[in-house]
Amino acid sequence: MNLSDYEALDAGAVAAALGELAAAFALDLRPECDSTNSRLLEEPPPDDGRIAVLAADRQTAGRGRRGRTWQSWPGAGLTFSVLWRFTPSAQLPAGLSLVVGLAVARALEELGVDGVQLKWPNDVLIHGRKLAGILVELSSGRGRGPAAAVIGIGINLRLPDAAAVDYPTGVTDLTACLPSPPGPNRLLALVLQHLHGLLGLYASAGFTALRGAWQQRNAFADLPVRIVGEAEALAGICAGVDDDGALLLQTPDGLVRVLSGEVSLRLA
Ligand code: BTN
């Protein structure tokens, strides 16, 4: 792909698309950085009451879940991170990554994308193929426990033909989903709008308020699945998620709760 052939991130364009909500965000949009998650974890901006957002046209060391690499090509994806600070009354972030997946799903649905599904804990699939990944990492508050979460989101916009992305059910991008896919600026604004609304609801009412919406989009509802990444293999029927965002597995030994961490879900 020609390097000049894609829309670059532009703070003015994102702010214009956000409208009045722009005042809620501190936008830092860069042509390149190693990993937007790493930068926000290692160099969090001072708290001025706004939600810090760091996005990059290209990451040189993008990170995925379970130690994987999140690959980057010019114009191929939207990659950004959001620093979400907890208020003293806020919920602990057990269901946070599920809420983030739901915000991405709703943004895609608003664009008219068909077949949006969520794979626990937080992959966003379109008819079974991965469109977006989410990496939530807690930033420690200098000995006072977690003070903030860094929410990293990568959405495939236009993957190069030669991209070899390894995923059990395949990957997809927005050009395959929509006749006129949005550029990264409009898409970023839309996801931020949905994140703003859902994180507010999550902070005030917990994951319980969003559990039904997540389950409506559960890619593996009532299907046989297995958990990979645990010392002991675990298999069962996917029975949804509970009020904490834990996965519920119906096994021969009864209902088992699986907390998100370094585990992944696969169709059995
Ligand atoms: C996954 O599916 O494994 C999670 C992928 C998360 C990728 C995003 S891109 C923006 C942010 N910065 C990173 O280094 N990773 C996340």
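Atom set for the values below is all heavy atoms of this structure, side chains included, hydrogens, waters and symmetry mates excluded. Being a predicted model, the structure only gives us computed values, none of them experimental. Whatever order the structure lists them in is the order used to number ligands and atoms, beginning at 1.
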Whether E109 and R217 form a salt bridge (side-chain N of Lys/Arg under 4.0 Å from carboxylate O of Asp/Glu) is what I want to check.
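Answer for the salt bridge query: yes.
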Item to complete: Indicate yes or no: does R39 engage D28 in a salt bridge with an N to O separation below 4.0 Å.
Response: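 So R39 does not pair with D28 through a salt bridge.
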*Are L83 and P45 close enough that some pair of their side-chain heavy atoms sits under 4.5 Å apart?*
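Side chain of L83 against side chain of P45, heavy atoms only: contact under 4.5 Å found.
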Item checked: Qualifying residue, where the test is side-chain contact (heavy atoms from CB on, under 4.5 Å) with V136 and the options are P121, S81, S97 ->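 Only one of P121, S81, S97 forms a side-chain contact (heavy atoms from CB on, under 4.5 Å) with V136, namely S97.
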Notebook entry, point to check: Where is the tightest heavy-atom contact between S35 and G62, given as atom of each residue plus distance?
Noted result: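 Smallest interatomic distance, heavy atoms only, reads CB-CA, 4.3 Å.
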task = Tell me the residues surrounding ligand 1, counting only those with a heavy atom closer than 4.0 angstrom, sorted by chain and number.
result =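 Residue list for ligand 1: S35, T36, N37, Q59, G62, R63, G64, R65, W70, T79, F80, S81, D123, K130, G133, I134, L135, G152, I153, G154.
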Checklist line | Selection residues 197-214 - residue pairs positive for salt bridge (Lys or Arg N to Asp or Glu O under 4.0 Å), sequence neighbours left out | finding: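 Checked against salt bridge (Lys or Arg N to Asp or Glu O under 4.0 Å) - neighbours excluded - the pairs reaching residues 197-214 are R211-D243.
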